[in-house]
Q: 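There's a structure below that I have some questions on.
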Amino acid sequence: MASPLLFIALFFSCFVTSGAIQWLGLIVNGSSVAWNESEHCKLLAGLVPDQMQLCRRNLELMQSVVTAAKQTRLTCQMAFSDMRWNCSSIELAPRFTPDLLKGTRESAFVYALASATISHTIARACASGELPTCSCGATPAEVAGPSFRWGGCGDNLRYGLQMGSAFVDAPMKSSKSGNQATKVMNLHNNAVGRQVLMDSLETKCKCHGVSGSCSVKTCWKGLQDLPHIADELKSKYLAANKVMHRQMGSRKHLVHKELDIRPVQESELVYLNSSPDYCTRNPKLGSFGTQDRFCNKTSVGSDSCNLMCCGRGYNVYTETIVERCQCKYYWCCYVMCKKCERTVERYVCK
Ligand SMILES: *[C@@H]1O[C@H](CO)[C@@H](O)[C@H](O)[C@H]1NC(C)=O
Ligand SMILES: *[C@@H]1O[C@H](CO)[C@@H](O)[C@H](O)[C@H]1NC(C)=O
Ligand SMILES: *[C@@H]1O[C@H](CO)[C@@H](O)[C@H](O)[C@H]1NC(C)=O
Ligand SMILES: *[C@@H]1O[C@H](CO)[C@@H](O)[C@H](O)[C@H]1NC(C)=O
């Protein structure tokens, strides 16, 4: 018979590993407070002590953290709208279902995206002057070309990475309890997210000169937008590798499964446990199933009716949509449109 103590230990180990992205629960309540009193840090019971401390010491950052939580949800759902697993379970934060708790490929993606997003949001907030503790990124070390000079205000990637990683890595680093393999996996995938973010830094320019001749250019380093970063990470999700946490010499490392002797790369997303196919509903596995999902009859990709509906077939509905059409511009200054009706066919998985 299991002792009550073991039971408690199990409970807390579940709590700790699931706590790692519980901050995404700020989507629910995060906007309703002013974040000007350290009491507000208690708002989300799922924050680990180190995150709580970061919150109390950097209250001014919390609005960005809330924004990052919302952006993570939005970009995740956009990136996966054509997939059987469509990131809908992220909305359950901070109470996740097994698809995001069990070291799956999907959790690898969400961790990496959340990690990239929080640093992105902070780096941008610095540049837009929203934060008292940081400002524009440092002037790049590269020498400016003959045709441009450094100027403007670049995203402060350095500060974003520093504060973002402190926040998202804290649950794995600050506690000894919890599943070690899952923690190492989460830390790895968090770092992959930040690497994709760093790689997205590009030179952006603005032209000056007589009537836009662009004889003088001012350039700065800016991050690409989050949908681009989510797309990069989605490619890595599709190519993710299954790993084990195994003794290698004196320490434990993540290694690929049998027969695959390549070392785990810093650029690849990794997962510990295989996912269900997400075709049928199975709450135990965190699968919501694809019944009633829309599919695309002409697509040959993952949103095709064949793949999305897992071969079960689909129902066709016709829907009438009303839209603005034949718009005319009248000088000055308004636009008048007619209302047009159009019927579209919708395909819905059985
Ligand atoms: C925090 O902000 C709210 C709303 O703006 C205000 O009512 C409250 O007095 C502020 N608290 C502190 C400690 O500044
Ligand atoms: C949001 O706030 C309500 C009321 O304070 C609380 O019951 C709930 O647990 C909070 N939700 C999250 C996700 O923190
Ligand atoms: C995502 O999938 C869930 C579960 O199948 C479904 O309820 C939801 O409507 C889907 N969301 C979108 C935007 O397709
Ligand atoms: C369906 O897929 C085709 C081919 O990929 C694409 O051109 C079309 O826009 C899609 N339709 C919808 C409603 O998403």
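As the structure lists them, so they are numbered: ligands from 1, and atoms in each ligand from 1.
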Q: Is atom CD of Glu266 surrounded by more than 12 heavy atoms (other residues, nucleotides or ligands) closer than 6.0 Å?
A: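 No, the 6.0 Å shell around CD holds no more than 12 heavy atoms from other groups.
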Q: Within 4.0 Å of atom 11 (N) of ligand 1 (strictly less), any protein heavy atom?
A: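 Given the 4.0 Å limit, the answer for atom 11 (N) of ligand 1 is yes, a protein heavy atom qualifies.
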Q: Which atoms of ligand 4 sit under 4.0 Å from any heavy atom of Asn296?
A: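 Once the distances to Asn296 are compared, the set is 1 (C), 2 (O), 3 (C), 8 (C), 10 (C), 11 (N), 12 (C), 14 (O).
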Q: Can you confirm whether some protein heavy atom lies under 4.0 Å from atom 14 (O) of ligand 3, or whether none does?
A: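 Within 4.0 Å of atom 14 (O) of ligand 3, protein heavy atoms are found.
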Q: Identify the closest protein heavy atom to atom 5 (O) of ligand 3: which residue and atom is it, and at what distance?
A: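 Going by distance alone, atom 5 (O) of ligand 3 is nearest to Gly289 O, 2.9 Å.
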Q: Would you mind running through ligand 1 and noting each atom that sits below 4.0 Å from a heavy atom of Asn36?
A: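 Close to Asn36: 1 (C), 2 (O), 3 (C), 8 (C), 10 (C), 11 (N), 12 (C), 14 (O).
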Q: Is it true that a side-chain atom of Ser107 and a backbone atom of Leu100 form a donor plus acceptor pair closer than 3.5 Å?
A: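 Side chain of Ser107 to backbone of Leu100: no pair is present.
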Q: So if I count the atoms of ligand 1 from 1 in the order they appear, which ones are less than 4.0 Å from some heavy atom of Ala34?
A: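 Heavy-atom distances to Ala34 below 4.0 Å select 2 (O).
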Q: Surrounding CD of Glu39 (heavy atoms of other residues, nucleotides or ligands, distance under 6.0 Å), is the total greater than 12?
A: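 Counting neighbours around CD of Glu39, 12 or fewer heavy atoms of other residues, nucleotides or ligands fall under 6.0 Å, so no.
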Q: Before you tell me yes or no, could you show the steps for Lys221 and Glu142 under salt bridge (charged side-chain N to carboxylate O under 4.0 Å, His left out), namely the whole-Å CA-CA distance, both residues' side-chain angles and the distance that decides it to 0.1 Å?
A: CA-CA 11 Å; Lys221 294 279 183 183; Glu142 303 162 40; 3.0 Å; yes
Q: Please answer whether the main-chain N or O of Leu223 pairs with a side-chain N or O of Lys204 as donor and acceptor at a distance below 3.5 Å.
A: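 It does hold such a pair.
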Q: Considering heavy atoms of the protein only, find what lies nearest to atom 4 (C) of ligand 3 and give residue, atom and distance to 0.1 Å.
A: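 Ranking protein heavy atoms by distance from atom 4 (C) of ligand 3, first comes Phe288 CB, 3.6 Å.
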Q: Applying a heavy-atom cut-off of 4.0 Å, say which part of Arg293 lies close to ligand 3: side chain, backbone, both or neither.
A: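 Under 4.0 Å from ligand 3, Arg293 contributes side-chain atoms alone.
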Q: Within the distance-only criterion (no hydrogens, no angle test), does the side chain of Glu91 pair as donor or acceptor with the backbone N or O of Ser88 below 3.5 angstrom?
A: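 No, Glu91 side chain to Ser88 backbone: no donor-acceptor pair under 3.5 Å.
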Q: Show me which atoms of ligand 4 lie under 4.0 Å from any heavy atom of Thr298.
A: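 Counting from 1, the qualifying ligand atoms are 1 (C), 2 (O), 3 (C).
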Q: Looking at Ser299, which atoms of ligand 4 are within less than 4.0 Å of one of its heavy atoms?
A: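 Matching atoms, with element in brackets: 2 (O).
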Q: So with a 6.0 Å cut-off around NZ of Lys328, is the heavy-atom count from everything else above 12?
A: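 Open.
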Q: Under 3.5 Å between any N/O of Asn86 and any N/O of ligand 3: does that happen in this structure?
A: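 There is such a contact, yes.
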Q: Measure from atom 7 (O) of ligand 1 to the protein's non-hydrogen atoms and state whether any distance is below 4.0 Å.
A: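 Under the 4.0 Å cut-off, atom 7 (O) of ligand 1 has no protein heavy-atom neighbours at all.
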Q: Asn273 side chain to Lys102 main-chain N or O, any donor-acceptor pair under 3.5 Å?
A: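 Answer holds: yes.
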Q: Would atom 2 (O) of ligand 4 count as contacted, meaning some protein heavy atom under 4.0 Å?
A: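 So atom 2 (O) of ligand 4 has protein heavy-atom neighbours under 4.0 Å.
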